[in-house]
Amino acid sequence: MARKKLIAGNWKMNCLQEEGLSLAKAVAAKVKAQKWDCDFLICPPFTLLTSIKKCLRGTKIALGAQDVHFAEKGAHTGDISPLMLKDAGCTYTLIGHSERRVDHFESNDLICKKAIAAHNAGLNTVICIGETGAERDAGKTIKVCQEEINGSVPDDATAKNTVIAYEPIWAIGTGKTPTAADVQEVHAAIRKALSKKLGKAVANKMRILYGGSVKPANAKELLSLPDVDGALIGGASLKAEDFIAIAVNATK
Ligand code: PGA
């Protein structure tokens with residue numbers, strides 16, 4: 001089953017206007033300069049969405065947010081609704097990143113609610129899952145991922161509106177990654193869990209990204225694994241050259 005790879009940048013809480021715009025412009029110029037066989041997504045902080053949307057015009061780079069609220073509008077101080085993200089030019093949002101699960105106590109139930117609201121508004125979602133170091137040491141990686149798939153992914157998710165990102169929490173921002181064999185084993189298990197929940201046809205088409213210390217030096221190995229359909233890149237997405245050097249490995 002050929003799945004087009006997705007190279008996604010998660011800028012997290014980084015970049016003021018000037019820095020963010022010049023990063024987006026540099027990425028846009030590099031993406032425009034070549035014919036790519038993969039999809040691109042960048043997820044800057046909320047404050048940069050509308051200005052970055054302008055830089056991405058005429059490129060194949062999609063714009064995404066890093067979180068969304070489940071309500072359409074109303075009394076939710078500090079939150080951003082799916083319609084607001086659409087209005088700002090987003091076609092994607094990340095949901096359930098481990099930093100939100102930890103910093104904001106987000107549960108699988110809440111993440112699922114957010115995903116449903118995003119899909120209803122016509123946004124695509126990247127739903128993040130992954131185990132802690134302690135869970136990995138206890139041999140619970142696959143069990144945790146299955147539980148997060150079952151709890152966070154809506155029952156009617158499609159391969160079009162949903163992407164899964166497997167991000168072992170201990171690998172995020174640490175420079176550590178699982179072995180290629182471990183990544184493939186977990187991705188295959190995630191696809192099996194998706195198949196059970198959504199059916200084989202959907203699971204076979206749904207993209208599963210790997211995230212956690214992806215860099216130019218390890219991208220080739222990770223992106224060539226059969227069940228790895230792209231990467232969610234944090235630190236290395238803040239340097240246009242590194243982001244592009246990773247993406248080069250996603251094209252055939
Ligand atoms: P990292 O972050 O690439 O800096 O490890 C990935 C992520 O948290 O999405």
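First listed ligand is number 1; within each ligand, the first listed atom is number 1. Worth saying up front: this structure is predicted, and the values here are computed from it rather than measured.
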Does a donor on one side chain and an acceptor on the other come within less than 3.5 Å for N108 and E147? no
Regarding ligand 1, does L232 bring an N or O atom to under 3.5 Å of one of the ligand's N or O atoms? no
Backbone or side-chain N or O of G173 under 3.5 Å from ligand 1 N or O: yes
Testing the 3.5 Å rule here: is there a donor-acceptor pair between the side chains of Y166 and E148? no
Can you tell me how far CG of L94 sits from NZ of K12, rounded to the nearest 0.5 angstrom? 10.0 Å
Non-hydrogen atoms of G64 and P44 that approach each other most closely: O-CD, 3.3 Å
Which of the numbered atoms in ligand 1 are below 4.0 angstrom from a heavy atom of E167? 6 (C), 7 (C), 8 (O), 9 (O)
More than 12 heavy atoms of other groups within 6.0 Å of K60 NZ: yes
protein heavy-atom neighbour closest to atom 3 (O) of ligand 1 works out as G234 N, 2.8 Å
How far is atom 4 (O) of ligand 1 from its nearest protein heavy atom, and which residue and atom is that? G235 N, 2.8 Å
Can you tell which of K12, E99, Q66, K215 gets a heavy atom nearest to atom 8 (O) of ligand 1? K12
Might you work through the side-chain hydrogen bond (donor to acceptor under 3.5 Å, both in side chains) test for E135 and W170, ending with a clear yes or no? CA-CA 10 Å; E135 285 162 345; W170 54 272; over 6 Å; no
N10, portion touching ligand 1 at heavy-atom distance under 4.0 Å: side chain
Provide the number and element of each atom of ligand 1 under 4.0 Å from a heavy atom of H97. 7 (C), 8 (O), 9 (O)
Please name the residue in the list E99, H104, K114, H97 that meets the side chain to side chain contact (heavy atoms under 4.5 Å, CB included) test with D67. K114
So, regarding G211 and ligand 1 (criterion: nitrogen or oxygen to nitrogen or oxygen, under 3.5 Å), is there a contact or not? no
Considering only heavy atoms of G212, which atoms of ligand 1 have at least one such atom less than 4.0 Å away? 5 (O)
